[in-house]
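Numbers here simply count residues along the sequence, with the first being 1. As a basis for the values below, the full set of heavy atoms in this structure was taken, side chains included, without hydrogen atoms, waters or symmetry mates.
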Amino acid sequence: MSNKTHTTAVVLIPPETIQPSIQTIRRVHDRNFERWMPHITLLYPFAAQRDFDDVIPSLTKAAQQIPSFSVTLASFSAFRHRKSCTLFLVPEPKNGIVQLHSTLLTHLPDYDDTARFAGGFTPHLSVGQFQQRHLNDTLQQFQKEWKPIEYAVESLSLIYRSPETNDKFVVAENFLLQKRS
């Protein structure tokens, strides 16, 4: 069994050009704003940094099997926890991300934690944490003010928490998806 750590992950990072509206919400509502860039988690926890050389070939191979695709962040949803909830943007259609996740798992089956939730793998981009009693009002407010964003998913990223950046996640390497013909 591979060593897993919560200090690394495989994620999809939206292009910086579309991040400002996401970051406006996260800056106020996401307790992890400083630690993580906006992202859609694919594999987490992931391989320890010392094992990156072992997993990079598999990440490269998986990325090359999936053509780039577009997603739109148009609506919000939430995961409900015991007392709080996590509000997130829903990437649609989700089939490209689900297919990418599935392909990653065929190459790296030990890192299936994101597939083990009761509802299976749910692609999402977290924007904040809220008390459940405020969820419906918050959802309605955000939905009313949000302007949908469409973007091309052209790569996946291997990230790690870096002591040099105060434990913020940084990109170790990007893996290009297949170019659309």
Side-chain angles (χ1 to χ4, degrees), residues 4-46 69-102 104-105 111-162 165-172 174:
K4 292 184 203 177
T5 176
H6 287 89
T7 60
T8 66
V10 176
V11 299
L12 298 175
I13 302 171
E16 285 192 18
T17 52
I18 69 149
Q19 289 184 17
S21 53
I22 297 166
Q23 293 294 67
T24 298
I25 297 171
R26 289 187 67 236
R27 186 174 289 108
V28 176
H29 300 286
D30 191 350
R31 66 176 176 261
N32 297 310
F33 176 77
E34 291 293 335
R35 176 159 284 172
W36 297 86
M37 68 284 285
H39 67 281
I40 297 167
T41 302
L42 296 167
L43 304 177
Y44 178 79
F46 195 59
F69 55 92
S70 290
V71 295
T72 302
L73 301 172
S75 62
F76 292 88
S77 188
F79 295 121
R80 286 167 172 77
H81 314 299
R82 279 197 195 108
K83 293 184 176 170
S84 66
C85 50
T86 300
L87 190 69
F88 60 87
L89 282 159
V90 180
E92 299 173 278
K94 67 179 186 177
N95 54 340
I97 299 171
V98 169
Q99 183 185 359
L100 177 56
H101 181 258
S102 174
L104 284 165
L105 289 181
Y111 302 102
D112 64 347
D113 296 63
T114 52
R116 289 195 209 149
F117 294 100
F121 173 64
T122 303
H124 65 281
L125 194 155
S126 297
V127 294
Q129 299 78 36
F130 295 87
Q131 293 302 311
Q132 287 208 16
R133 66 180 180 273
H134 301 303
L135 180 61
N136 288 339
D137 292 343
T138 304
L139 263 172
Q140 286 175 358
Q141 185 67 33
F142 281 2
Q143 198 61 62
K144 195 169 68 179
E145 294 170 4
W146 183 254
K147 296 195 177 10
I149 302 171
E150 183 181 356
Y151 68 97
V153 175
E154 297 176 330
S155 66
L156 57 94
S157 302
L158 174 58
I159 63 173
Y160 67 97
R161 266 191 5 219
S162 169
T165 60
N166 232 358
D167 257 4
K168 289 180 184 165
F169 277 89
V170 295
V171 175
N174 290 308

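- Atoms CZ and CG, from Arg35 and Asp30 in turn, are 11.5 Å apart once rounded to the nearest 0.5 Å.
- With sequence neighbours excluded, the residues that form a side-chain contact (heavy atoms from CB on, under 4.5 Å) with Thr7 are Thr5, Arg161.
- At least one side-chain heavy atom of Gln19 sits less than 4.5 Å from a side-chain heavy atom of Pro38.
- For Trp146, the ring-ring contact (aromatic ring centres under 6.0 Å, His included) criterion is met by Phe76, not counting sequence neighbours.
- In this structure, CE on Met37 lies 8.0 Å from CZ on Phe169, to the nearest 0.5 angstrom.
- Expressed to the nearest 0.5 Å, how far CG of Leu87 lies from OG of Ser126 amounts to 8.5 Å.
- Within the structure, the side chain to side chain donor-acceptor pair (under 3.5 Å) test picks out the following pairs touching residues 74-83 (sequence neighbours left out): Ser75-Glu92, His81-Thr86.
- Shown here are the salt bridge (charged side-chain N to carboxylate O under 4.0 Å, His left out) partners of Glu150, two or more places apart in sequence or in another chain: there are none.
- Looking only at side-chain heavy atoms (C-beta outward), His29 and Val127 stay at 4.5 Å or farther from each other.
- Between Thr122 and Phe117, every side-chain heavy-atom pair lies at or beyond the 4.5 Å cut-off.
- With Thr24 contributing its side chain and Pro20 its backbone, the two residues share a donor-acceptor pair below 3.5 Å.
- For Asn32, the side-chain hydrogen bond (donor to acceptor under 3.5 Å, both in side chains) test picks out no residue, with sequence neighbours left out.
- Rounding to the nearest 0.5 Å gives a distance of 5.5 Å between CG of Leu73 and CD1 of Ile18.
- Applying the side-chain hydrogen bond (donor to acceptor under 3.5 Å, both in side chains) rule to Gln23 yields the partners Arg26; only residues at least two apart in sequence or on another chain are considered.
- Residues Leu125 and Pro91 fail the side-chain proximity criterion, which asks for heavy atoms closer than 4.5 Å.
- The salt bridge (charged side-chain N to carboxylate O under 4.0 Å, His left out) test applied to Lys94 returns no partner, not counting sequence neighbours.
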Mind running side chain to side chain contact (heavy atoms under 4.5 Å, CB included) on Leu12 and Val71 for me, showing each step along the way? CA-CA 11 Å; Leu12 298 175; Val71 295; over 6 Å; no
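- With sequence neighbours excluded, the residues satisfying side-chain contact (heavy atoms from CB on, under 4.5 Å) with Thr165 are Ser162, Lys168, Val170.
- With sequence neighbours excluded, the residues satisfying ring-ring contact (aromatic ring centres under 6.0 Å, His included) with His6 are Tyr44.
- Residues Phe46 and Leu158 form a side-chain contact, since some pair of their non-hydrogen atoms from C-beta on lies under 4.5 Å apart.
- Residues Tyr111 and Pro45 approach most closely at CD2-O, 3.9 Å, considering heavy atoms.
- Considering all non-hydrogen atoms of both residues, Pro148 and Thr72 come closest at CB-CG2, 4.1 Å.
- For Phe79, the ring-ring contact (aromatic ring centres under 6.0 Å, His included) partners at least two apart in sequence or on another chain are Phe88, His124.
- Here the straight-line distance linking atom CG of Leu43 with atom CG of Leu100 works out to 8.5 Å at 0.5 Å rounding.
- Remark: side-chain polar atoms of Thr114 are not paired, donor with acceptor, to backbone N or O of Phe121 under 3.5 angstrom.
- Taking the side-chain contact (heavy atoms from CB on, under 4.5 Å) definition, one finds that Pro93 meets it with Asn95, sequence neighbours left out.
- The OG atom of Ser21 sits 8.0 Å away from the CG atom of Leu89 when rounded to the nearest 0.5 Å.
- Two residues are said to be in side-chain contact when any heavy atoms from C-beta on lie closer than 4.5 Å; Leu42 and Val11 fail this criterion.
- The nearest pair of heavy atoms linking Gly96 to Phe69 is C-CZ, 3.5 Å.
- Applying the side chain to side chain donor-acceptor pair (under 3.5 Å) rule to pairs touching residues 131-143 yields Gln141-Glu145, sequence neighbours excluded.
- Annotation: side chain of Ile13 is in contact with side chain of Ile159 (closest heavy-atom distance under 4.5 Å).
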